[in-house]
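Quick notes on the structure that follows.
Chain A is the first sequence line, chain B the second, and so forth, proteins listed ahead of strands; every chain is numbered from 1.
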Amino acid sequence: MIDLAVDALSWVLLALGGICVLIGGVGALRFPTFYTRTHAASLTDTMATLLVFSGLMLQAGFTLATLKLLAIMLFLLLTGPTATYALANAALESGLKPEAPTIPGRTRKKADS
Amino acid sequence: MYIAVSLAILVTMVLAIVRALRGPSVYDRVLAVNVFGTKTVLLLSVIAFLYGRPDFLDLALAYALINMVGILAVLEFFQNRTRNREEASRD
Amino acid sequence: MKLLELLGYYNYWVFAIALVIGLYAVISKTNLIKKLIGLSIFQSAVFLMYITMDKVEGGTAPIIKAGVEDQIYSNPLPQVLILTAIVVGVSTLALGLAIVVRVNERYGTIEESEILESD
Amino acid sequence: MIFVFSLFLLSLLIIIAIAIVQAKNLFVSVMLLSIFSLLMATNFFILDAADVALTEAAVGAGITTVIFLSALALTAQRERKVVGGRTIALIAVGVLASLIIYATFEKPRLGDPNAPVHQHVAPWYLEKTPEYIDIPNIVTAVLSSYRGYDTLGEVFVVFTACIGVLFILGAKPASLRGERNVERAGLRHHLIPQVVGRLLVPFIVLFGLYVQFHGEYGPGGGFQAGAIIATGVILYALLEGEAAALRAIPRSVLLGLVVGGALLFGGVGVVCMFMGGAFLDYSVLQSDPVWGQQLGIVIIEAGVGMAVCGALLSIFHAFAAREIAQ
């Protein structure tokens with residue numbers, strides 16, 4: 001019973017993680033400017049990592065693999081946002097201005113008012 | 001379930017590659033490299049479980065640790081380039 | 001099985017195509033760094049061919065699991081050759097880049113055609 | 001199912017390779033090259049080569065990018081437009097590709113257990129390693145014991161390449177502008193990479209040591225460990241500036257590592273000869289031949305790790321010093 005519940009929970013986590021990965025990937029492709037794309041990409045760095053690795057850890061049980069998974073998850077959670085920061089900073093320093101895009105055919109009423 | 005997750009990761013890898021190929025700026029390409037790096041770590045971990053050999057997680061651990069070095073090198077590269085340009089314009 | 005048979009040649013095809021892409025960069029690009037990049041693609045293609053040869057159907061990496069009988073293991077020999085070749089590859093690449101850096105200091109360019117003109 | 005992944009990843013590999021060659025901006029090429037390396041490592045992993053994948057990861061994720069970027073900083077970043085000569089090259093490589101693909105139909109398909117490669121010495125290695133050496137990782141056993149000569153040769157190639165880079169880049173550039181010779185600060189004023197990076201450096205070195213000494217039991221060994229530890233020190237150099245890294249590990253220590261590692265490898269071989277065995281036959285090192293083999297492998301791997309780590313770091317410092325001097 002407990003086993004089944006743990007299995008089901010890990011599957012739910014894995015599925016949610018997969019969905020997060022996909023959403024982040026689509027965002028990194030579809031968003032209009034560089035800085036918005038970093039925002040989308042960071043979703044795959046943090047939330048997806050958390051969900052997928054939690055799911056895998058539940059599957060692994062109490063083994064050395066769980067410890068390794070925990071280490072990988074922690075390091076990814078540390079390095080992912082740092083790398084994104086470094087990249088955004090490099091772009092800013094080299095003179096890429098964060099500007100709101102003007103999309104033709106679409107008026108941005110809220111921003112104007 | 002592992003297969004579904006790895007398929008999702010593979011699709012995201014393709015999206016990242018499309019971003020890397022389309023650009024438009026060099027930073028977008030570096031961003032794609034970064035996304036691709038994290039996705040590789042995820043994929044390797046899931047494949048290790050799919051194979052049933054979770055003791056091969058060392059590879060994913062290696063990538064999780066040293067993926068950032070390349071991006072930091074990019075930051076330093078741009079920083080030095082900007083500084084050199086400033087110095088050149090001041091001279 | 002059918003799919004596997006098709007894939008069995010696919011790895012070699014990828015090897016062939018990646019090899020000639022690298023070769024193309026080496027012979028047709030005049031930029032010296034681009035040539036070195038082509039060379040490393042060429043090198044990676046060769047690595048891929050060797051590693052493709054080591055795979056045994058139903059096998060696993062050649063690390064003996066204690067207490068498991070009649071497990072099939074992949075061939076360790078190509079792995080040994082390629083493992084050392086990767087590290088050697090990066091150090092020779094660095095040597096090539098060092099020469100390119102000196103060429104740039106001497107001639108002020110890394111384009112092969114311009115170097116030949118100025119000589 | 002795993003083979004479908006492999007098919008997919010290999011197709012991506014081709015696309016990336018074409019994009020690398022097509023890109024006019026060399027920086028973009030280098031970035032795509034790191035995606036190429038990631039894909040290659042995943043493919044190696046799927047093809048059961050965990051050791052090779054770990055090597056590709058250790059080298060491709062950090063060191064290759066760093067060395068290429070240093071070289072780009074010292075030269076031009078964009079490629080000039082080329083005219084002519086394209087068609088002949090395209091035809092030549094097209095013919096070559098079709099010839100190779102035609103030839104592959106003679107090859108055994110992927111995973112064929114009856115392929116000639118699997119008939120020669122490999123079954124002997126797989127069967128006799130538990131008896132003669134008794135370590136689980138056969139790749140390490142073959143690398144350092146059965147084919148120790150090869151590995152010694154490779155270590156000397158790395159050594160020679162390192163000496164070559166030091167000779168070529170060590171000479172003072174003719175146009176050295178004296179007052180510009182300032183110390184680069186690194187990324188010292190970036191707080192977030194500073195904090196996270198400082199946290200990571202000891203873990204990277206620790207993981208490198210784990211890979212070094214766990215190489216007999218899992219994927220790993222001297223080559224991977226050397227590259228990983230070198231990456232850790234390079235991270236420190238990026239964060240604190242190159243001079244700080246040189247203060248932590250001076251040039252003399254690096255050279256000592258390179259020379260000492262290569263000498264340690266050769267020295268073990270000579271000691272084996274003095275103790276009555278053949279060159280690099282570790283069985284004579286202890287009274288029990290299996291113990292002797294294991295002792296020999298541990299020492300050899302340590303030598304390899306020292307030499308690789310020292311060589312890669314010396315190369316990095318040679319490029320970085322050139323950058324400051326210019």
Side-chain angles (χ1 to χ4, degrees), chain C residues 4-5 7-14 16-18 20-21 23-25 27-28 30-31 33-34 37-38 41 44 48 51-57 59-64 73-77 79-80 82-84 86-88 90-92 94-95 97-102 104-105 110-111, chain D residues 3 7 10 14 17-18 21 26 29 40 44 47-52 55-56 59 63-64 67 71 74-76 79-80 82 85-86 89 93 96-97 100-101 104 107 109-111 113 117-118 122 125-126 136-139 142-143 147 151 154 157-158 161 164-165 168-169 173 223 308 311 315:
Chain C
L4 197 67
E5 243 163 73
L7 186 80
Y9 293 118
Y10 192 77
N11 273 36
Y12 292 120
W13 299 340
V14 170
I17 295 170
V20 295
I21 289 171
L23 187 66
Y24 173 76
I27 59 179
S28 87
T30 56
N31 188 299
I33 289 188
K34 203 56 171 287
I37 290 176
I41 294 176
S44 295
L48 180 66
I51 297 302
T52 304
M53 288 198 300
D54 90 336
K55 173 82 183 159
V56 179
E57 209 163 83
T60 176
I63 297 168
I64 295 175
Y73 295 106
S74 292
N75 194 338
L77 192 55
Q79 299 194 18
V80 172
I82 295 314
L83 194 158
T84 51
I86 289 176
V87 178
V88 167
V90 75
S91 29
T92 44
L95 187 63
L97 285 173
I99 295 172
V100 172
V101 166
R102 285 305 294 273
N104 183 54
E105 279 170 16
I110 52 169
E111 299 290 333
Chain D
F3 290 104
L7 196 90
L10 286 170
I14 293 292
I18 293 172
V21 175
L26 289 172
S29 282
M40 214 51 166
F44 290 158
L47 289 168
D48 282 351
D51 282 273
V52 184
T55 319
E56 179 74 42
V59 168
I63 292 171
T64 317
I67 291 178
L74 287 168
T75 55
E79 197 185 342
R80 302 269 161 74
V82 226
R86 279 272 180 79
V93 299
L96 185 64
I100 297 176
I101 289 176
T104 56
K107 279 180 100 61
R109 67 184 169 76
L110 176 70
V117 213
H118 305 313
Y125 288 150
L126 286 167
N137 190 349
I138 300 173
V139 175
V142 177
L143 179 88
R147 302 195 69 90
T151 312
E154 306 271 19
V157 174
V158 172
V165 171
I168 291 171
L169 292 184
F223 284 99
V308 169
I315 288 169

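Proximity to chain C involves both the backbone and the side chain of D/V139, based on heavy atoms less than 4.5 angstrom apart. Of the atoms belonging to D/V117, heavy atoms from both backbone and side chain fall under 4.5 Å from chain C. Both the backbone and the side chain of D/I18 come within contact range of chain C, with heavy atoms under 4.5 Å apart. Both the backbone and the side chain of D/A17 have a heavy atom closer than 4.5 Å to some heavy atom of chain C. Residue contact with chain C, scored on non-hydrogen atoms closer than 4.5 Å, involves the side chain of D/V59 exclusively. With a 4.5 angstrom heavy-atom cutoff, C/I21 touches chain D via backbone and side-chain atoms both.
In this structure, CD1 on D/I138 lies 11.5 Å from OH on D/Y125, to the nearest 0.5 angstrom. Note that CG of C/N11 is 11.5 Å distant from NZ of D/K107, once rounded to the nearest 0.5 Å.
C/Q79 approaches C/S74 most closely through the heavy-atom pair NE2-CB, 4.5 Å. Closest approach of C/A16 to D/I100, counting heavy atoms only: CB-CG2, 3.6 Å.
For the residue pair D/T75 / C/N104, no side-chain donor-acceptor distance below 3.5 Å is found, with atom types taken as modelled.
A donor-acceptor pair is defined here as one N or O able to donate and one able to accept, closer than 3.5 Å; such a pair exists between the side chain of C/R102 and the backbone of D/I168. Put simply, the side chain of D/T151 gets close to the backbone of D/L143: a donor and an acceptor are under 3.5 Å apart.
The candidate from C/I27, C/T60, C/I82, C/I17 with the greatest count of non-hydrogen atom pairs under 4.5 Å with chain D is C/T60. Chain D forms the most heavy-atom pairs under 4.5 Å with one residue out of C/L23, C/T92, C/V100, C/V87, and that residue is C/V87. Across C/T84, C/D54, C/L95, the residue that shares the most heavy-atom pairs under 4.5 angstrom with chain D is C/T84. For the set D/T64, D/L126, D/V157, the count of heavy-atom pairs under 4.5 angstrom toward chain C peaks at D/L126. In terms of heavy-atom pairs under 4.5 Å with chain C, the best-connected choice from D/A161, D/P136, D/G164 is D/P136.
Residues D/I315 and D/I63 have side chains not in contact (no heavy-atom distance under 4.5 Å, counting atoms from C-beta outward).
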